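Quick note: numbers below take in every heavy atom, side chains included, and nothing from hydrogens, waters or symmetry partners. As the structure is a prediction and not an experimental result, all values here were calculated from the model.
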Amino acid sequence: MSTHDWGPAASVGVLALRGRMRARIRAFFDATGALEVDTPALSAAAPTEPHLHPLATRVSARRDPLYLQTSPEFPMKRLLAAGTGDCWQLCRVFRDRERGRHHNPEFDLLEWYRVGADHHELMDDVEALVAAAIGPELSLPGAERLSYAEAFRRHAGIDPFSAGLGELQELAAHAHLEPLAGLASDDRQDLLDRLLAGAIAPAFPADRPTFVYDWPAAQAALARLDPGDARIARRFELYWGALELANGFHELTDAAAQRARFEAERAARGGSEDARAPLDERLLAALEHGLPDCAGVALGFDRLVMVAAGARHIDEVLAFPLERA
């Protein structure tokens, strides 16, 4: 352990910017009347998505492990089912196996929900929130909005819903994109993810937000499917240039469908330790009770500070990243 890195990685000026941005976010939600909530960092359940790896810990009062939250989404949905109405929180979350230029194992996530809204209405909110949070630090042009299919057609020359596996593999090879760890090179969704991150998002404007909406149903995650086109999930992601900032859904409210997705995701983990973690039965019970029609989004606060500060590495906006913790 070094004793020469006791100071913060971020400058005092950037730490002050973080504080101002937090205050602007609170003012934004105060103006909308949304309720600020807080939920536990520890959970008896763990996420099932194969790319999320929770950190487990133990407390003396419990025999089974608890998991540090990778997102406050599940407990916030329980609050929505209990009748809170529009709600938000800015909290610390934790994800294992994430460290790099844009990743730290613990980071700040802004999550909020609008009752009665769909994903298009929530994109309006996200654009307004980003402008309010960044404030005078950066001139913010209007956001570009592309459907997932349009983004692929414009920047890769293919239709992601009809392109053959060979065509996707050829594009990935041409762009020198390596498969994600643990996934085969013929995994169609992995190929689409790699093409989006490595070949398409880098073509997005570097000076403004870009929304990509209406994702393939196989990548629905917690979003409902489009009733007019079962190939499409009502999901969006927000980028600034190639940097992903947020992920939003017109939320799935069907408990049986959500359980089926959880089980399929857990099966995709194979025999890993994460696959043995319990499902969030309390969330499923809340969906059974009745989750109101709503849209929700999670936005990486540290990455938004990176945009406002013109930072190239997440450590530039953190007081004490992993190596200084």
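The distance from the NE2 atom of His155 to the CD atom of Glu150 is 8.5 Å, given to the nearest 0.5 Å. Between the CD atom in Glu281 and the CZ atom in Phe262 there is a gap of 9.5 Å [rounded to 0.5 Å]. To the nearest 0.5 Å, the span separating CG on Leu146 from CG on Asp214 amounts to 11.5 Å. For the atom pair Phe301 CZ and Leu110 CG, the distance stands at 8.5 Å (nearest 0.5 Å). Atoms CG and CZ, on Leu55 and Arg97 in that order, are 10.0 Å from each other to the nearest 0.5 Å. Taking CZ of Arg224 as the start and CG of Asp118 as the end, the distance is 9.0 Å to the nearest 0.5 Å.
Here the shortest heavy-atom pairing between Arg235 and Ala223 reads CB-CB, 4.0 Å. Of all non-hydrogen atoms in Val317 and Ala311, the two that sit nearest each other are CG1-CB, 3.9 Å. Closest of all the heavy-atom pairs between Arg261 and Ala221 is NH1-O, 2.8 Å. Pairing each heavy atom of Leu287 with each of Leu252, the nearest pair is CD2-O, 4.3 Å. For the residue pair Asp96 and Pro54, the shortest heavy atom distance occurs at CB-O, 4.2 Å.
Between Leu129 and Ile25 there is a side-chain heavy-atom pair separated by less than 4.5 Å. For the pair Ile314 and His103, the minimum side-chain heavy-atom distance is 4.5 Å or more. The closest side-chain heavy-atom distance from Leu140 to Asp207 is not below 4.5 Å. In this structure, Asp315 and Phe320 have side chains that are not in contact, with every pair of non-hydrogen atoms separated by 4.5 Å or more. When side chains are defined from C-beta on, Tyr113 does not count as touching Asp86, because their heavy atoms never get closer than 4.5 Å. At least one side-chain heavy atom of Leu17 sits less than 4.5 Å from a side-chain heavy atom of Arg20. Within the 4.5 Å cutoff, the side chain of Asp108 has no heavy atoms near those of the Cys91 side chain.
There is a side-chain donor-acceptor pair under 3.5 Å between Asp293 and His250. Using a 3.5 Å distance cut-off with no hydrogens or angles, the side chains of Glu111 and Gln89 do not pair a donor with an acceptor. Tyr67 and Gln69 share no donor-acceptor pair across their side chains, judged by distance under 3.5 Å alone. Counted by atom type alone, His289 and Arg78 present zero donor-acceptor pairs between their side chains at under 3.5 Å.
Counting non-hydrogen atoms of neighbouring residues, nucleotides and ligands closer than 6.0 angstrom, the CZ atom of Arg26 reaches no more than 12 such neighbours. Residue-environment remark: CZ (Arg282) stays at or below the threshold of 12 foreign heavy atoms within 6.0 Å. A 6.0 Å sphere centred on CZ of Arg63 holds no more than 12 heavy atoms belonging to other residues, nucleotides or ligands. Counting non-hydrogen atoms of neighbouring residues, nucleotides and ligands closer than 6.0 angstrom, the CD atom of Gln219 exceeds 12 such neighbours. Heavy-atom neighbours of Arg312 CZ from other residues, nucleotides or ligands within 6.0 Å: at or below the threshold of 12.
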*Verify side chain to side chain contact (heavy atoms under 4.5 Å, CB included) between Val297 and Phe236, making sure each step is shown before the conclusion.*
CA-CA 9 Å; Val297 62; Phe236 69 82; 3.9 Å; yes
_Could you walk me through whether Arg95 and His51 satisfy the side chain to side chain donor-acceptor pair (under 3.5 Å) test, starting with their C-alpha distance in whole Å, then the side-chain angles of each, then the deciding distance to 0.1 Å, before giving a yes or no?_
CA-CA 10 Å; Arg95 297 180 184 181; His51 69 281; 5.7 Å; no
_With side chain to side chain contact (heavy atoms under 4.5 Å, CB included) as the criterion, how do Leu191 and Gln169 come out once you've worked through the C-alpha distance, each side chain's angles and the decisive distance to 0.1 Å?_
CA-CA 7 Å; Leu191 284 163; Gln169 290 171 324; 3.8 Å; yes
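Of the possible donor and acceptor atoms, none in the side chain of Glu127 sits under 3.5 Å from a partner among the backbone N and O of Asp124.
Paired with Trp88 under the rule ring-ring contact (aromatic ring centres under 6.0 Å, His included), one option of Phe29, Trp112, Phe28 passes, and it is Phe29. Checked options Tyr213, Phe249, Phe211; the residue passing with His120 is Tyr213 (criterion: ring-ring contact (aromatic ring centres under 6.0 Å, His included)).
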